[in-house]
Structures are given as structure tokens and as C-alpha cells.
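Here the structure is a predicted model, which means the values were calculated and not measured.
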Amino acid sequence: PPHQHRLPDAGGVIISSSGLVVSNIHTIFGAKKIIVHLSDGTSLSAKVLHLAEQDDLALLKVKSPSPLIPIEFADSNLVKLNDEVINIGSSDLLKETISGGNINGLGTNRVTKEIDLIKINITLYKGDSGGPLLNTDGRLIGMMIGKLKHKDRASFAIPSNKIKKLYLDYTK
């Protein structure tokens, strides 16, 4: 149709060789069809398997003709203030960007003492949500979820341990 609504591109992370992908719920909300674009140019149709609304995480499944290479997880509870981080984004403004920065805030759960939110000094643009936040070893420490609207360079990520828990709970 001439007025078909198209959602902006957004990030996501392959977390299993069998085709499990995680992204943010807010990036797929309202989509009638979800397409995952791999770095080699391949496009794969995805279906939603599970939503973890409290963490804005969507677990997706793609069918690939060959096994996919999943990201390696780091323990997000080991990150510290001022750790160097790398973000891979896919905004409409700057396609396939790599940005560097530092962790400048950690939200910790009062009961479990685990990290609930990572604040970083990387500027996010529309479409960067769902992008991986990596440590300097290239392992996943989080997934970008958004930024403060009134401040530049104040962005947030969901810790990788929450993503890993979603994956492990789903595959039990």
C-alpha cells in the first residue's frame, strides 16, 4: 500500500547459532513483519518467541540456511565505572557506526546487588536501540535501550546478564 508504515532500522544481537536474536521490544512494537539483516547482506524473516517487557527485551527466531555465529557474553556484574566500551549502531543518520566511550553510571538492584542498568557517555541516534554494547575484548556487556532526551551523551544499556537469563530461561 502507498501509506504502509515502515519501522526504522534497529540493532539486534545473534545469541545462538540456531538463530536466536535479541533486540528491544520498542524497536519491533507495531511491526507486521520483522526482517533481520546480517552483516553479509543476508536478510532473514524473524518471528517473536518471547517478550520480557520489564527489561524491554524481545527474543526473536530466524531460520538461516547455515549456522550463525553468536556473540560471546561477558559477565555484566564485573563492569566498573570508567570501563571503556564499544557500541555498534544502525541509526538512520549514521549507518553501521562504531562508537567508543566509557561507563559513567551503574544502576544496581538493592536486593540482588546485580547491575540492572549501565549508563554510558555515547550519543545514541534514532535506530541505535538494540545495538550491542561491548567490552574491549569484543564480548557483550549490554544492549542499548535509549538516551536521556534533555542531555547529550547520556545513554543506557540493559546488562548482558539479563539477556543471558532471558536466553537460558527460554531454552530450558
Side-chain angles (χ1 to χ4, degrees), residues 4-79 85-99 114-118 120 122 124-147 155-172:
Q4 185 174 0
H5 175 67
R6 183 181 184 280
L7 295 171
D9 287 343
V13 180
I14 297 168
I15 59 172
S16 80
S17 60
S18 64
L20 292 179
V21 176
V22 69
S23 189
N24 297 122
I25 292 173
H26 76 264
T27 64
I28 62 165
F29 185 76
K32 292 185 179 12
K33 187 175 185 180
I34 302 168
I35 305 294
V36 172
H37 302 284
L38 304 179
S39 59
D40 69 359
T42 303
S43 295
L44 303 170
S45 211
K47 69 177 184 172
V48 176
L49 294 180
H50 182 72
L51 301 175
E53 293 179 31
Q54 71 279 8
D55 294 317
D56 191 22
L57 293 174
L59 186 62
L60 311 173
K61 174 73 174 172
V62 296
K63 287 186 181 178
S64 176
S66 58
L68 299 174
I69 300 171
I71 197 154
E72 289 185 43
F73 283 84
D75 184 346
S76 55
N77 285 323
L78 299 179
V79 300
V85 293
I86 301 160
N87 169 245
I88 300 173
S90 61
S91 73
D92 288 340
L93 180 63
L94 303 168
K95 296 277 187 200
E96 299 177 10
T97 58
I98 298 176
S99 303
E114 293 185 349
I115 293 174
D116 267 344
L117 194 64
I118 300 170
I120 56 172
I122 294 174
L124 289 187
Y125 298 96
K126 186 177 180 180
D128 282 340
S129 290
L133 182 66
L134 310 171
N135 63 18
T136 55
D137 294 328
R139 291 189 174 91
L140 185 72
I141 59 169
M143 174 176 285
M144 302 311 298
I145 58 169
K147 67 178 182 174
S155 303
F156 298 92
I158 299 165
S160 60
N161 287 4
K162 287 188 175 196
I163 298 166
K164 191 170 191 175
K165 182 181 182 324
L166 171 71
Y167 169 67
L168 293 174
D169 286 350
Y170 184 81
T171 56
K172 280 184 184 176

Counting C-beta onward and ignoring hydrogens, is there a side-chain heavy-atom pair between Val13 and Ile163 closer than 4.5 Å?
no

Taking all non-hydrogen atoms of both residues into account, name the closest pair between Pro132 and Leu140 and its distance.
CB-CD1, 3.7 Å

Identify the two heavy atoms, one from Ala46 and one from Val36, that lie closest to each other, and give their separation to 0.1 Å.
CB-CG2, 3.8 Å

Compare every heavy atom of Leu44 with every heavy atom of Pro65, then report the nearest pair and how far apart it is.
CD-CD2, 4.5 Å

More than 12 heavy atoms of other residues, nucleotides or ligands under 6.0 Å from CD1 of Ile69: yes or no?
no

Should the heavy atoms of other residues, nucleotides or ligands under 6.0 Å from NZ of Lys61 be counted, would the total exceed 12?
yes

Got a sec, which residues hit side-chain contact (heavy atoms from CB on, under 4.5 Å) with Asn161, two or more places apart in sequence or on another chain?
Asp75, Ser76, Asn77

Under the criterion side-chain contact (heavy atoms from CB on, under 4.5 Å), which of Val48, Ile145, Asp55, Leu51 is the partner of Ile25?
Leu51

Grab the two heavy atoms, one from Ala74 and one from Asn135, that are nearest each other, plus how far apart they are.
CB-ND2, 3.6 Å

If you round to the nearest 0.5 Å, how far is CD1 of Ile86 from CG of Asp137?
9.0 Å

Distance, nearest 0.5 Å, that separates CE of Met143 from CG of Leu134
10.5 Å

Test item: Asp56 side-chain N/O and Asn24 main-chain N/O as donor-acceptor pair under 3.5 Å:
no

Answer yes or no: are there more than 12 heavy-atom neighbours, outside Gln54 itself, under 6.0 Å from its atom CD?
yes

With rounding to the nearest 0.5 Å, note down the distance linking NE2 in His50 to CG in Leu20.
12.0 Å

Note, Val62 side chain near Ser45 side chain (heavy atom, < 4.5 Å):
no

Tell me, do Leu166 and Val22 make a side-chain contact under 4.5 Å, heavy atoms counted?
yes

Would you confirm whether Ser64, through its side chain, and Gly19, through its main-chain N or O, come within 3.5 Å as a donor-acceptor pair?
no

Rounded to the nearest 0.5 angstrom, the CG-CG distance for Leu57 and Leu60 is 10.5 Å

Does some side-chain heavy atom of Lys164 sit less than 4.5 Å from a side-chain heavy atom of Ile15?
no

Here the gap from Ser43 atom OG to Leu38 atom CG, rounded to the nearest 0.5 Å, amounts to 7.5 Å

Point-to-point distance, once rounded to the nearest 0.5 Å, from NE2 of His26 to CZ of Phe29:
12.0 Å

Donor-acceptor pair, side chain of Ser155 and main chain of Ile122, under 3.5 angstrom:
yes

Nearest heavy-atom pair of Leu68 and Ser16: which atoms, and what distance?
CB-O, 4.2 Å

side-chain contact (heavy atoms from CB on, under 4.5 Å) between Ile115 and Lys162: does it pass, once the steps are laid out?
CA-CA 9 Å; Ile115 293 174; Lys162 287 188 175 196; over 6 Å; no

